[in-house]
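Here the structure is laid out as C-alpha cells; the discussion comes afterwards.
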Amino acid sequence: MTRRLAEVARKVGVSEATVSRVLNGKPGVSDRTRATVLTALDVLGYERPTQLRGERSRLVGLVLPELQNPIFPAFAEVVGGALAQQGFTPVLCTQTAGGVSESDYVELLLQQQVSGVVFFGGLYAQAESPHDHYRRLFRRGLPTVLTNAAIPDIGFPQVSCDDAVAVEQAVSHLVSLGHRRLGLLLGPPDHMPTRRKLAAARDASVRAGLGPAEWEVEHALFSVEGGQAAATRLLARGVTGVICASDPLALGAVRAARRRGLVVPADVSIVGFDDSPFMTCTDPPLTTIRQPIEAMGRAAVELLVGELAGVRVTHDELLFEPELVVRGSTGPAPRARVG
C-alpha cells in the first residue's frame with residue numbers, strides 16, 4: 001500500500017497524504033486532483049478501491065488498425081493532444097496480425113472503465129467483418145466516435161473525409177493533364193470508403209467524358225506490396241494515370257511502374273490519398289489528396305467530450321473536404337508530351 005501511494009504521488013506530483021485522501025474518499029481534495037489521481041492509478045495498473053470502481057476513469061481508448069501507415073499515428077497524435085487539453089489520458093490500442101484483436105481491445109477498455117473510445121479505420125468500415133463489439137459499446141452507452149465511413153446503422157457519431165470530393169479532385173487533375181486511360185487502385189471490395197470512392201469515380205468519369213472502357217479498377221490490401229501487385233495489373237492494361245486509396249498503395253504503384261521500366265510521371269502519373277507524413281520526401285514527391293486530420297481529429301474529440309458532458313451531439317456523419325496537393329508524381333499524359 002505504501003509503495004502504491006508513493007508511486008501514484010510521484011506520477012501526479014502531489015503528496016502521499018493527498019493520494020490517501022482520494023483513495024479513502026475523504027474531503028479536502030479538488031475534483032481535478034481527485035480525477036488526476038484516479039487516472040494515474042489506472043495508468044500504473046493498480047486496482048481502484050471497491051467504492052471507486054463504479055466511477056469511470058479519465059482514460060479514452062484510441063483504437064488503430066496498424067501503425068505502418070503513417071496516417072494513423074498522425075490521427076492519434078492530433079486526437080491524443082486534444083484529449084490531453086481536456087484532462088483525459090489517451091490509451092493507444094494497436095492491432096497486430098495474430099495478436100490482440102479489436103474485439104479484445106474493446107473488452108480490455110471496458111474492464112478499465114474508460115470514459116470513451118475513438119476508432120480509426122476499424123472493422124466498422126468492413127461490411128463482412130464482425131461488429132458485435134460495437135453493438136456492445138452502444139448498449140453500454142459508452143461515448144464512442146468513428147472516423148471515416150462506417151457501415152449503416154452502427155449508431156455512433158462519425159467524422160469522415162469526403163471520398164466523393166477526393167475522387168473528383170483526382171480525376172479532374174489527371175484529365176486536365178490529358179490522361180484518358182485511368183486506373184483506380186482501391187482497398188477490399190467490402191470496405192465502405194472503397195465503395196464510396198468507386199461510386200464517385202464512376203460519376204466523375206461520366207462528367208469528364210470518359211467511357212467505361214477507359215476506366216480500370218483493382219482492389220488490394222492497404223500496403224505497399226498490395227499496391228505494387230495491383231498496380232502491375234493496371235499498368236499491363238495500359239493506364240497512364242493511377243488514383244490510389246492510400247499513400248502506401250501509391251508508393252507500391254510507383255515501385256510497380258519502375259519494375260516495368262516506366263518513369264513517373266513521364267510515362268505514368270500516380271495520385272495517393274491521405275498526405276501522410278514524409279510524402280514530400282519520396283522520389284518523386286507524391287501528388288496526393290490531403291485528409292484534414294487536424295480538423296477531423298478535433299471534431300472527433302468535441303463530439304466525444306460533448307457526449308461525456310451529457311450534451312446532445314449530432315449522430316449524422318460529419319464530412320470534411322479534402323485538398324489536392326500537387327507534387328512531382330503527376331504530369332502530362334504521354335500522348336500530350338509527343339503530340
Side-chain angles (χ1 to χ4, degrees), residues 65 69 71 119-129 131 146-177 179-223 226-227 230-231 233-234 237 239-250 252-253 269-275 287-293 296 315-325 330:
N69 186 339
I71 196 63
F119 286 91
F120 307 86
L123 297 179
Y124 58 83
Q126 300 174 23
E128 297 175 8
S129 294
H131 302 117
L146 312 178
T147 60
N148 281 337
I151 64 169
D153 303 322
I154 284 286
F156 293 123
Q158 297 180 48
V159 174
S160 300
C161 184
D162 194 325
D163 291 301
V165 172
V167 171
E168 175 70 40
Q169 290 175 344
V171 171
S172 297
H173 175 59
L174 291 177
V175 170
S176 73
L177 292 170
H179 292 273
R180 302 292 300 179
R181 289 280 292 146
L182 301 182
L184 196 61
L185 205 170
L186 299 172
D190 73 327
H191 186 239
M192 297 309 295
T194 289
R195 293 181 176 182
R196 290 184 176 186
K197 289 182 175 72
L198 182 56
R202 288 169 176 156
D203 292 341
S205 64
V206 171
R207 289 192 293 273
L210 302 179
E214 297 173 293
W215 264 101
E216 300 288 347
V217 178
E218 284 288 342
H219 296 276
L221 297 177
F222 283 105
S223 66
R233 296 191 292 270
L234 288 173
R237 299 203 287 272
V239 303
T240 65
V242 181
I243 299 170
C244 303
S246 75
D247 289 338
L249 287 176
S269 289
I270 296 172
V271 180
F273 182 85
D274 285 336
D275 196 25
T287 293
T288 188
I289 305 293
R290 176 181 293 162
Q291 287 202 69
I293 60 172
M296 291 172 64
H315 281 220
D316 293 334
E317 184 179 21
L318 301 182
L319 290 177
F320 286 75
E321 188 159 330
E323 176 188 359
L324 174 68
V325 182
T330 53

Heavy-atom pair with the smallest gap, counting every atom of Pro193 and Ala125
CD-CB, 4.1 Å

Which distance, rounded to the nearest 0.5 Å, do you find between the CD1 of Ile289 and the CD of Glu168?
10.5 Å

State, to 0.1 Å, how close Tyr124 and His131 come at their nearest heavy-atom pair, and which atoms those are.
CA-CD2, 3.9 Å

Is any side-chain heavy atom of Asp190 closer than 4.5 Å to one of Arg195?
yes

Do side-chain atoms of Gln169 reach the backbone of Pro322 as a donor and acceptor pair under 3.5 angstrom?
yes

Are any side-chain N or O atoms of Arg181 and backbone N or O atoms of Arg237, one a donor and one an acceptor, separated by less than 3.5 Å?
yes

Might you work through the side chain to side chain contact (heavy atoms under 4.5 Å, CB included) test for Ile293 and Phe120, ending with a clear yes or no?
CA-CA 11 Å; Ile293 60 172; Phe120 307 86; over 6 Å; no

After noting the C-alpha distance and the side-chain angles of Asn148 and Phe119, does the key distance pass the side chain to side chain contact (heavy atoms under 4.5 Å, CB included) rule?
CA-CA 9 Å; Asn148 281 337; Phe119 286 91; over 6 Å; no

Is any side-chain heavy atom of Asp247 closer than 4.5 Å to one of Asn69?
no

d(Leu186 CG, Thr194 OG1) to nearest 0.5 Å is 5.0 Å

Do side-chain atoms of Ser160 reach the backbone of Ala149 as a donor and acceptor pair under 3.5 angstrom?
yes

Is any side-chain heavy atom of Phe222 closer than 4.5 Å to a side-chain heavy atom of His191?
yes

Using 0.5 Å steps for rounding, measure from the CD1 atom of Ile154 to the CE atom of Met192.
10.0 Å

Verify, without hydrogens or angle tests, whether Ser205 (side chain) and Arg202 (backbone) share a donor-acceptor contact under 3.5 angstrom.
yes

Got a second to check how far Leu210's CG is from Trp215's CH2, nearest 0.5 Å?
7.5 Å

Between Arg290 (side chain only) and Asp274 (backbone N and O only), is there a donor and an acceptor less than 3.5 Å apart?
no

Check whether His219 reaches the backbone of Gly187 with its side chain - one donor and one acceptor, N or O, closer than 3.5 Å.
yes

Considering the options Thr287, Leu324, Ile71, Thr288, which one meets the side-chain contact (heavy atoms from CB on, under 4.5 Å) requirement together with Asp275?
Thr288

Check step by step if side chain to side chain contact (heavy atoms under 4.5 Å, CB included) holds for Lys197 and Ile243.
CA-CA 10 Å; Lys197 289 182 175 72; Ile243 299 170; over 6 Å; no

Distance col, row Leu249:CG vs Ile270:CD1, nearest 0.5 angstrom, shows 11.0 Å

What pair of heavy atoms forms the shortest contact from Val242 to Leu174, and how long is it?
N-CD1, 4.3 Å

For the residue pair Ser129 and Leu123, what are the closest heavy atoms and their distance?
OG-CD2, 3.8 Å

If every non-hydrogen atom of Cys161 is compared with every non-hydrogen atom of Met296, which pair is closest and at what distance?
N-CE, 3.5 Å

Go through Phe273 and Asp163 one step at a time and tell me if the side chain to side chain contact (heavy atoms under 4.5 Å, CB included) criterion holds.
CA-CA 10 Å; Phe273 182 85; Asp163 291 301; 4.1 Å; yes

So does Gly211 get a backbone contact from the side chain of Glu214, meaning a donor-acceptor N/O pair under 3.5 Å?
yes

What pair of heavy atoms forms the shortest contact from Pro65 to Gly121, and how long is it?
CG-O, 3.3 Å

Thr147 OG1 to Leu318 CG distance, which is reported to the nearest 0.5 Å
12.0 Å

Answer whether the closest heavy-atom distance between the side chains of His179 and Ser269 falls below 4.5 Å.
yes

